[in-house]
Amino acid sequence: MLKARDVTVRFGGVVAVGGMSIDVHAGEIVGLIGPNGAGKTTFINAVSGTYVPTQGTISWRDEDIVGHSPSRLARIGVGRTFQNVASLNDLTVLDVVKVGRSVHGHSRGLREFLCGSRADDEALTERLLEPLGLADHRHSPLQMLSYGHRKAVDIARALASEPDLLLLDEPVAGVAPAEAFALAGFVKQVRDLLGCAVVMVEHKMDVVMSTCDRVVVMAEGCKIFDGSGEAAQSDAEVRRVYLGD
Amino acid sequence: MRKSLVIAAFGALLASPSNAVSADINVCIWGTITGPDALVNGMSYGARDYFEYLNEAEGGIEGHKVHTVLLDGRYKLDEEQKNYRRCVSEENAVFINGWSTGAVKSLRDQIQSDAVPFMTDSHSSEVLDPKKFPYIFMAGPTYEQQILIGLRSAAKAGGKRVVIMHANNEYGRAPVEVVRKSGAIEEMGLELVDQIEFPFDTQDLTGQILRVKNIDPDLVFVQASTPQMLVVLRDAAKVGLPASLFMGNMYNISPAIPEQLGASAEGFRSIQLYADFGSDIPAMKDINKYGESNTIEKRDTYYMKGWYQGIAMSTAIRNAVKKAGGVPDDLVAFRNSVRDEMENLPSLDTGGITPVVNYANHQGPTQARISEIKGGSYTAVGEWIDAE
Amino acid sequence: MLDVSGLSVRYDSVIAALEGIDFEVGEGRIVALLGPNGAGKSTLLKAIAGMLPFEQGEIASGKAVFDGVLLNGKHPAAITRSGIALVQDGRQCFRNLSVGENLKAASFRHSKGAEDRLQLVLTYFPILEEFYARPAGVLSGGQLQMLVIGMALMIQPRLLMLDEPSLGLSPVMVQSVFEIVERLHQDLGMTVVVAEQTVPRLMEIADDVYVLSRGHSVLHAPPDEIDEDRLQSLYLS
Amino acid sequence: MSLRQIIILITVALAVMVVLPGLGRYGAYIVYVVAIASIGALALNLLIGYCGQISFCHGGLLGVGAYAAGNIGNAGQDMVVALVGAGIVTAFVSVMIGLPALRLRGLYFAISTLAAQFILEYLFRLIEPWTHGVSGLLIQPAPFFGLDLSNDRGYAAIAVGLLVMSLIAVSRLLRTDLGRRFILIRDSEIVARGMGVNVARTKLWAFAISGFLAGMSGGLLAFTSRIAAPEAFEIALSVDYVAMIIVGGLGSLPGAVIGAGFVVLLPEVAQRIGETFGAATQTAALREMVFGLLIILFLIHEPRGLNSLASRAVRRLRRTSGPLSNNKRSSASDLEMTQARL
Amino acid sequence: MFVLQLAVAGIAIGSVYALIALGIVLIYKCSGVVNFAQGGYAMLGAFITYGLTSVGLPSVIALVLAIAVMGGLGALTQILVLRPMLKAPVVAVMMATLGILITFRAVCLLIWGPDQIGFPALFPIGAIELSGIFMTYNYIAAFLLSAILCAGFLAFYHYTPIGLMQRCTADNTRAALAVGIHVSNQVTIAWTASAMLAGLGGALLASLNGLSLGLSNIGLVAFPVIVLGGMTSLPGAVVAGLVLGILQAVTDGVLTPAIERFLREHTDIYSVGTLQQVIPYALLVLVLLVRPQGIFGTKESERV
């Protein structure tokens with residue numbers, strides 16, 4: 001489904017990602033791990049259209065998507081979450097989720113303007129917010145939620161666009177352990193339900209191990225390992241970049 | 001604390017309408033107390049002071065005190081519109097004296113439907129029409145007439161090529177366009193070689209003056225107010241053009257010009273409609289008397305203009321009061337009667353500020369003369385010319 | 001020398017970044033502050049250096065004391081003057097200014113002996129002399145790291161705190177950074193705190209190790225008591 | 001805006017209408033000037049307060065609306081047609097002005113709107129056939145739905161009615177996908193783009209809708225003052241409008257009305273107070289000074305605007321200040337604002 | 001020759017623009033605040049100079065004193081108004097500076113009234129004529145003084161310790177804090193310097209063009225200058241100021257007449273109005289569309 005070849009992203013003279021390649025298949029959860037500054041987030045940004053890679057190709061369902069805007073990518077089924085969602089102020093949980101849904105292409109603008117959206121709210125709440133434990137907070141402004149809840153909202157927002165490829169950027173960073181596992185479990189459920197592929201950047205190895213079908217390790221801008229979680233933990237190169245042997 | 005301030009403020013706003021009721025005769029004036037044209041605001045002070053003088057010296061008009069309100073229009077259209085409404089419906093003015101060409105033009109239909117006598121400080125020909133605008137009165141020749149008087153004097157002196165400079169507002173551009181399109185300039189044997197527009201709030205006209213210098217005309221007529229004239233003459237001096245090349249209209253006789261520019265204003269000419277402040281005329285005695293116990297804000301010819309407008313308005317009011325045998329209870333009738341009396345003013349003596357006038361034409365005096373700056377003060381250089 | 005007790009930090013008044021941290025640095029020691037991403041290492045160093053208020057953070061409770069002086073609520077400039085230098089993450093320097101100006105700027109508040117210290121810094125980092133008149137922006141990552149450490153030295157600190165100096169550097173560069181730290185410690189007797197994720201070289205020179213995780217202090221031990229497995233379990237579990 | 005709020009709003013509006021005949025012409029004048037300014041402020045608040053696009057050419061846009069409405073009205077159309085037409089024309093111009101926003105950010109865009117303001121002022125004076133240049137376009141009274149309401153009280157009724165409609169419409173709009181995207185873009189353009197929002201298109205919608213409202217407001221202004229003249233739509237007016245929404249509260253619907261009332265009435269109140277003390281020049285100076293100083297004081301003490309002050313007061317009155325204290329909210333948004341500045 | 005004469009006028013005015021724009025850039029660089037009140041400072045500086053001469057001080061001493069007062073006033077406004085607003089939204093801060101401008105105008109109106117005032121001659125009256133180009137001493141002095149001050153200020157900014165601290169603050173606030181620079185004090189210094197530059201610029205402008213409340217409009221002219229210069233570039237502001245001055249003069253003297261002559265010959269249109277009021281802004285929009293970061297500005301990369 002997703003095919004990235006030799007992707008390079010430069011900022012000025014700094015190479016953030018240098019020659020990264022990856023394949024992601026339908027229905028697969030891939031964990032993308034690596035030490036700080038390895039270029040994981042930059043790579044996700046390149047795939048989701050936020051950055052345009054200086055080099056390399058990225059294709060999604062055999063369509064070249066280099067240079068496509070995030071809004072176009074969202075319409076063809078690429079959704080993502082962010083490391084940081086703290087900067088949204090007045091929008092409520094439902095608002096944010098609806099933004100996510102609307103980018104999928106079928107906006108309900110005029111009908112909502114004229115008739116309001118109560119029935120809609122119920123459906124969204126049931127489908128996305130209940131499982132994430134957000135139903136009670138659906139009318140709370142985002143900034144009043146705990147950090148963990150905000151992360152959950154971001155995932156709900158990404159899912160509302162019904163993506164076929166979900167890019168999660170540190171979905172459980174800063175989240176309490178119990179919540180983290182619930183979130184990770186939810187990601188799995190979603191995959192089972194929607195059959196979408198998931199790429200997940202994450203530092204918490206326990207979460208990665210329990211959730212991902214496959215692990216890709218990045219260091220200094222390129223891939224150094226691709227395989228199962230167990231294999232990654234025993235791989236010498238991986239141990240070196242993590243522990244500096 | 002803040003809340004109480006807000007409450008107090010709104011209270012003041014709501015309470016204020018009541019303070020206009022007490023006087024019998026209300027006159028409302030708005031000028032440009034602040035704003036880009038404030039330098040010539042003597043005319044609104046002069047009019048107010050004349051009514052105050054009547055109150056002090058004669059106990060008002062036929063024994064009735066006159067309540068005058070002086071408002072600030074700031075040379076801003078919305079502010080002037082607001083002032084007009086306040087004058088008509090809140091101050092219950094029997095006579096209104098208002099300022100800018102733009103405002104008067106936009107209000108002319110309303111003045112008509114409100115049927116309120118209106119003395120305009122604007123001399124635009126577009127608000128002067130005894131038939132179409134029977135409630136609007138003016139205090140002298142129109143701007144167009146003034147331009148022609150100025151140009152005629154240049155033609156007489158043997159000039160050929162003229163440039164007209166004007167501000168980019170109604171007051172500046174409109175009369176110039178009327179004159180240019182009328183063909184009157186060519187009829188005089190003159191050639192209009194260039195017409196230059198500049199911003200009304202200008203600070204620097206060096207480029208435009210250099211453009212003039214490049215053309216080398218015989219006369220530059222400037223349709224602007226004193227603040228802009230100061231810039232024009234200052235910048236002319238900067239590039240070495242003499243002030244004698246320039247001529248302005250009635251709003252360029254201000255002591256500020258020779259005071260601020262000194263030698264570089266020598267030879268500048270402008271159109272004079274009213275006597276100078278301090279000249280030896282009967283009205284000046286009254287002014288001096290008034291000035292003994294009051295401050296006179298501006299001592300210039302515009303103050304004289306205002307004083308004269310006060311004389312004209314008060315005479316019409318006096319005649320109306322006399323006719324009705326007291327101040328009429330009905331404001332509408334009072335206003336209409338004042339309007340009729342204004343139109344029928346028999347040869348009005350303005351204490352020497354202008355020649356004797358009558359107001360059948362709604363225009364008052366139609367005479368003007370040219371005044372030149374000589375040795376730091378304005379000196380008349382010709383006889384009164386009748387604009388008609 | 002530095003004594004932090006019961007320190008809790010919040011960002012935006014809501015997000016708790018540190019909870020009840022105790023952290024002690026003895027005179028002349030090298031202390032390693034370890035922890036995975038987001039454990040709160042940077043926050044702790046910023047709290048000590050007084051930088052939190054500039055990032056919408058605040059010390060919610062607890063205190064930091066340096067040589068008997070309470071640091072809470074002090075302006076960073078005052079803390080710097082009392083002898084604490086923080087080398088922040090992201091190699092914070094003045095990129096439009098020349099290398100020389102960067103070093104000079106750092107010695108403003110500490111002009112006494114600035115010339116000597118400048119010479120000292122240049123002998124430690126010859127590369128800085130080479131680039132002395134060029135804008136700092138042209139330096140590579142490793143060179144920038146040298147520069148910011150050099151700038152910290154110009155402050156004439158008694159306590160030097162480094163926040164992830166090895167981040168984004170090549171292994172060779174990482175080696176030389178830690179060599180410098182060791183030399184500073186040996187030659188000048190400087191007290192050093194190094195926050196890091198990766199450990200081996202640091203473990204060789206550290207006298208003391210603290211491990212943070214999710215805003216809590218999870219381990220305090222001498223380095224020889226900490227082996228890889230233990231760390232791995234702390235990090236990867 | 002909930003149904004209850006809408007009902008309250010309409011009740012208040014009806015109350016104003018009932019009181020209107022009792023007010024003098026001057027009172028009615030004040031009512032409609034505030035109402036018209038409120039519509040304009042609402043339009044600007046939509047752009048700045050909800051979509052984060054700082055604009056200094058709102059005065060110019062009102063002017064476009066005024067000229068458009070005047071021309072349509074003078075051609076013999078009903079006032080309703082003229083106002084809608086003015087809205088459409090202004091929306092188009094507003095989108096043109098918004099185009100640079102697709103490339104420019106923050107201050108750079110703000111300054112490009114400053115340029116737009118000056119260019120509009122210049123064009124108002126230049127395009128004689130449409131604007132009558134410096135003379136200004138004189139506007140004939142037009143019927144409103146066939147009714148003759150061309151007097152101060154009639155205008156006040158129309159203006160208050162339109163204001164209520166605009167408030168309801170904007171509050172509904174903010175509850176649609178488009179409205180949510182506005183807010184998202186204001187909070188973080190980068191995040192919005194990352195979330196898959198078509199930032200360019202959304203921004204242009206904001207300009208169009210804001211322009212439409214501004215055009216109606218300008219059109220109404222033109223009908224009430226019976227002239228559209230260039231001096232009436234200068235930069236000072238744009239500044240006044242920015243002052244209105246900041247004083248009232250960025251991103252707050254009642255704030256637009258409160259701010260408009262404040263900015264329109266304050267000089268008037270200061271003037272009246274000054275008049276009781278005498279000298280006219282000093283009155284004018286004091287009026288300006290009170291205006292300037294109050295703006296500064298409000299911004300220092302209440303950067304979220306009068307509306308936040310008002311709503312806090314209301315909450316205190318109701319004694320229901322729950323666990324979600326105001327402080328918490330503002331600090332998080334302060335963070336974002338500080339970032340926005342850097 | 002005609003064009004040269006225009007250029008002389010343009011350079012003289014443009015150098016004063018540069019002086020005033022420098023101050024705006026200085027403040028923007030180190031605190032991210034756009035100071036709309038800069039024109040107000042210029043106006044106030046000129047009025048204070050005038051006020052001091054009218055109580056009998058020699059004009060040079062009055063000027064120096066006025067500049068000192070302006071410096072204090074700049075610091076005071078920063079401390080009283082801007083410091084408490086550190087966390088306020090950026091538009092609110094802009095509006096606060098507009099509030100300062102309104103207040104300053106009101107103060108001048110209250111004290112000195114609404115009328116134009118003849119500004120005392122700071123320089124000898126008269127002019128020299130150099131091969132047909134007419135230059136008043138005023139022009140020459142305004143240009144020289146502005147040029148010297150611009151150069152002096154840039155030198156101060158680049159070669160003195162305070163200048164270095166200013167540049168540090170402007171470059172990276174975090175790093176500045178870390179090396180012990182009191183950032184908020186630096187911002188106060190920037191406001192002080194900026195107000196002094198504006199005060200001097202205002203006095204020079206008043207000596208060229210006379211003194212009135214309209215002088216505060218110079219702030220609006222300065223905006224195209226700083227944006228063209230790239231908002232953060234001091235030399236850029238100087239160059240853009242000169243370019244704008246010359247451009248305005250050339251628009252008034254050459255461009256407008258040429259366009260009008262063409263239009264009068266070929267169309268019914270007689271006048272293009274006050275073109276010089278829009279030329280700087282039209283240029284501004286063009287430049288921004290081609291180079292969104294201004295001519296001398298540097299592009300900042302954004303990260304998620």
Side-chain angles (χ1 to χ4, degrees), chain B residues 2-3 5-6 8-17 19 31 33-35 38 41 44-45 48 69-72 74-79 81-82 85-91 100-103 105-110 113-114 124 126 167-174 177 197 200 295 297, chain D residues 24-30 33 122 125-126 128 132-141 151-152 221 224-234 236-237 261-262 265-276 279-285 287-288 290 294 297-298 301-302 306 309 313:
Chain B
R2 253 181 268 164
K3 205 192 286 172
L5 189 72
V6 172
F10 274 89
L13 182 71
L14 293 176
S16 54
N19 58 15
I33 296 170
T34 61
N41 191 51
S44 51
Y45 291 126
R48 181 204 48 192
V69 182
L70 175 58
L71 300 172
D72 184 8
R74 293 198 273 168
Y75 215 101
K76 279 177 72 183
L77 201 62
D78 52 343
E79 202 70 27
Q81 295 234 358
K82 188 163 74 189
R85 282 175 172 80
R86 192 174 151 188
C87 290
V88 171
S89 74
E90 204 184 314
E91 306 293 349
S100 80
T101 303
K105 230 177 110 178
S106 73
L107 289 169
R108 60 190 186 189
D109 292 339
Q110 289 185 56
S113 58
D114 290 330
S124 162
E126 295 188 54
N168 68 339
N169 59 0
E170 171 78 12
Y171 160 65
R173 193 197 280 174
E177 292 285 283
E197 181 164 313
F200 188 65
T295 31
E297 300 267 355
Chain D
R25 280 181 61 193
Y26 180 76
Y29 173 81
I30 294 287
V33 167
Y122 172 73
R125 287 193 161 83
L126 190 69
E128 297 251 355
H132 288 230
V134 291
S135 311
L137 178 68
L138 289 175
I139 295 158
Q140 301 310 316
N151 57 64
D152 287 326
L221 196 64
T224 58
S225 56
R226 314 222 357 210
I227 189 170
E231 299 106 83
F233 306 106
E234 288 183 341
L237 188 66
F262 182 85
L265 294 181
L266 178 71
E268 198 58 20
V269 173
Q271 165 93 24
R272 293 306 177 99
I273 294 172
E275 275 171 22
T276 57
T281 314
Q282 278 82 339
T283 300
R287 179 184 59 196
E288 296 291 302
V290 167
L294 268 186
L297 281 178
F298 269 127
H301 290 291
E302 206 56 59
L306 278 175
L309 195 73

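Quantities reported herein were computed from a predicted structural model and do not represent experimental measurements. In what follows, every chain begins at residue 1, and chains take the letters A, B, ... in the order their sequences are listed.
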Worksheet entry | Residue B:Ser106 versus chain D: region with a heavy atom under 4.5 Å | both

Worksheet item: So which part of B:Val69 gets closer than 4.5 Å to some heavy atom of chain D, the side chain, the backbone, both or neither?
Response: neither

Worksheet item: Atom OG1 in D:Thr224, atom CG in B:Asp78: separation rounded to 0.5 Å?
Response: 10.0 Å

Discussion item. Distance check, rounded to the nearest 0.5 Å: D:Asp152 atom CG versus B:Gln110 atom CD?
Written reply: 7.0 Å

Item to complete: Mind checking the CG-CZ spacing from B:Leu107 to D:Arg226? Nearest 0.5 Å is all I need.
Response: 9.0 Å

Fill in: Separation between CD1 of D:Ile227 and CG of B:Leu77, rounded to the nearest 0.5 Å
5.5 Å

Worksheet item: Highest number of heavy-atom pairs under 4.5 Å with chain B: which of D:Gly136, D:Pro141, D:Pro267, D:Ser225?
Response: D:Ser225

Discussion item. Out of D:Val134, D:Ile139, D:Leu221, return the one with the most heavy atom pairs under 4.5 angstrom to chain B.
Written reply: D:Val134

Worksheet item: Between D:Arg272 and B:Glu90, is the closest basic N to carboxylate O distance under 4.0 Å?
Response: yes

Practice prompt. Could you tell me the separation between the CZ atom of B:Arg86 and the OH atom of D:Tyr29, rounded to the nearest 0.5 Å?
Written response: 12.0 Å

Discussion item. Looking at every non-hydrogen atom in both residues, tell me the closest pair between B:Arg173 and D:Arg125 and how far apart they are.
Written reply: NH1-O, 2.9 Å

Fill in: D:Glu268 bridged to B:Lys82 by N-O distance under 4.0 Å
yes

Practice prompt. Could you tell me which of B:Lys105, B:Lys76, B:Arg74 has the largest number of non-hydrogen atom pairs under 4.5 Å with chain D?
Written response: B:Arg74

Practice prompt. Compare all side-chain heavy atoms of D:Leu138 with those of B:Arg108 and state whether any distance is below 4.5 angstrom.
Written response: yes

Worksheet entry | D:His132 side, atom NE2; B:Glu170 side, atom CD - distance, nearest 0.5 Å | 11.5 Å

Fill in: Proximity breakdown for D:Glu234 and chain B, heavy-atom pairs closer than 4.5 Å
neither

